[in-house]
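Data first, discussion second: the structure below is written as structure tokens.
Just so we're clear, the structure is a prediction, and the values are computed from it rather than from any experiment.
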Amino acid sequence: MLFAVLVEREDTPGRYDLLLSAEWARPEREFYELIVSKLKDHFTDDDWSVYSRTVFLDPKGEFIRDFSEAVGQDSAARDLRNTRIANTNILYAHLFPTDVAHIAVAH
């Protein structure tokens with residue numbers, strides 16, 4: 001299962017982190033390069049100006065556990081605003097549907 005969420009943290013307003021987590025994903029250079037190549041296919045210059053970073057998270061880690069508790073276990077797209085997850089203040093977060101996130105990374 002792939003977890004993909006776009007997050008605007010309170011300490012970096014106006015900038016967005018792409019958070020990814022999957023048992024099969026490894027935070028190695030090749031995988032980062034794959035993600036960036038996929039983003040390049042779809043991002044505009046304006047998108048790049050607000051993109052902060054891509055972060056790979058442990059599927060069993062605190063953030064994934066807390067986020068799952070906040071949104072539930074289904075794979076529906078949803079937005080969260082002004083919340084705290086794993087000791088991180090979140091201004092905005094968009095959870096991508098699992099199947100859409102998987103397709104975006106797989107192609």
Side-chain angles (χ1 to χ4, degrees):
M1 179 178 190
L2 176 68
F3 170 89
V5 65
L6 195 61
V7 172
E8 178 186 19
R9 293 176 289 133
E10 185 178 66
D11 62 336
T12 58
R15 307 275 302 175
Y16 294 87
D17 298 339
L18 176 61
L19 308 181
L20 301 172
S21 182
E23 292 289 338
W24 49 266
R26 300 288 176 255
E28 297 168 355
R29 182 177 179 92
E30 294 82 18
F31 198 70
Y32 278 107
E33 289 172 353
L34 171 67
I35 297 301
V36 169
S37 72
K38 299 303 176 188
L39 295 177
K40 284 181 179 178
D41 290 343
H42 301 284
F43 273 22
T44 65
D45 288 342
D46 288 339
D47 294 332
W48 284 113
S49 71
V50 297
Y51 173 75
S52 179
R53 62 187 178 160
T54 298
V55 178
F56 290 92
L57 301 171
D58 178 353
K60 295 178 174 83
E62 179 185 17
F63 190 92
I64 299 297
R65 194 173 47 248
D66 285 1
F67 199 94
S68 294
E69 287 175 12
V71 301
Q73 296 295 323
D74 68 7
S75 62
R78 64 182 52 165
D79 294 328
L80 295 173
R81 296 186 191 285
N82 301 316
T83 191
R84 186 168 177 84
I85 297 174
N87 296 316
T88 302
N89 292 326
I90 306 291
L91 295 177
Y92 170 79
H94 176 77
L95 177 64
F96 294 93
T98 302
D99 56 337
V100 172
H102 177 70
I103 290 168
V105 172
H107 286 93

### Query
Would you say the side chain of V36 lies within less than 4.5 Å of the side chain of K40, judging by non-hydrogen atoms?
yes
### Query
Roughly how far apart are L18 CG and F96 CZ, rounded to 0.5 Å?
6.5 Å
### Side chain proximity check, V55 to R53, heavy atoms < 4.5 angstrom
yes
### Task
Work out which heavy atom in R84 is nearest to a heavy atom in N89; give both atom names and the distance.
NH1-OD1, 2.6 Å
### Message
Testing the basics here: between Y32 and T54, what is the closest heavy-atom pair and its distance to 0.1 Å?
### Response
CE2-O, 3.5 Å
#### Entry: Residue pair F67 / A93: nearest heavy atoms and the distance that separates them
CE1-CB, 4.2 Å
### Sole residue of N82, D79, T83 in side chain to side chain donor-acceptor pair (under 3.5 Å) with Y92
D79
### Message
I want to check something: taking the side chain as every heavy atom from C-beta on, are L19 and F63 in contact at a cut-off of under 4.5 Å?
### Response
yes
#### Entry: Pair E23 + K60, salt bridge at N-O below 4.0 Å
yes
### Summary
Nearest heavy-atom approach of S52 to R15 is CA-NH2, 3.6 Å
### Message
Quick check: closest heavy atoms across P13 and L91, and the distance to 0.1 Å?
### Response
CB-CD1, 4.0 Å
### Task
Could you tell me whether the side chain of R9 reaches within less than 4.5 Å of the side chain of T88, counting heavy atoms only?
yes
### Task
Check whether any side-chain heavy atom of D17 lies under 4.5 Å from a side-chain heavy atom of Y51, and answer yes or no.
no
#### Entry: Residue pair E69, R65: steps toward the salt bridge (charged side-chain N to carboxylate O under 4.0 Å, His left out) verdict
CA-CA 6 Å; E69 287 175 12; R65 194 173 47 248; 5.3 Å; no
### Query
Rounded to the nearest 0.5 Å, how far does CG of D58 lie from CD1 of I64?
8.0 Å
### Query
For H42 and D47, which heavy atoms make the closest approach, and how far apart are they?
O-OD2, 3.9 Å
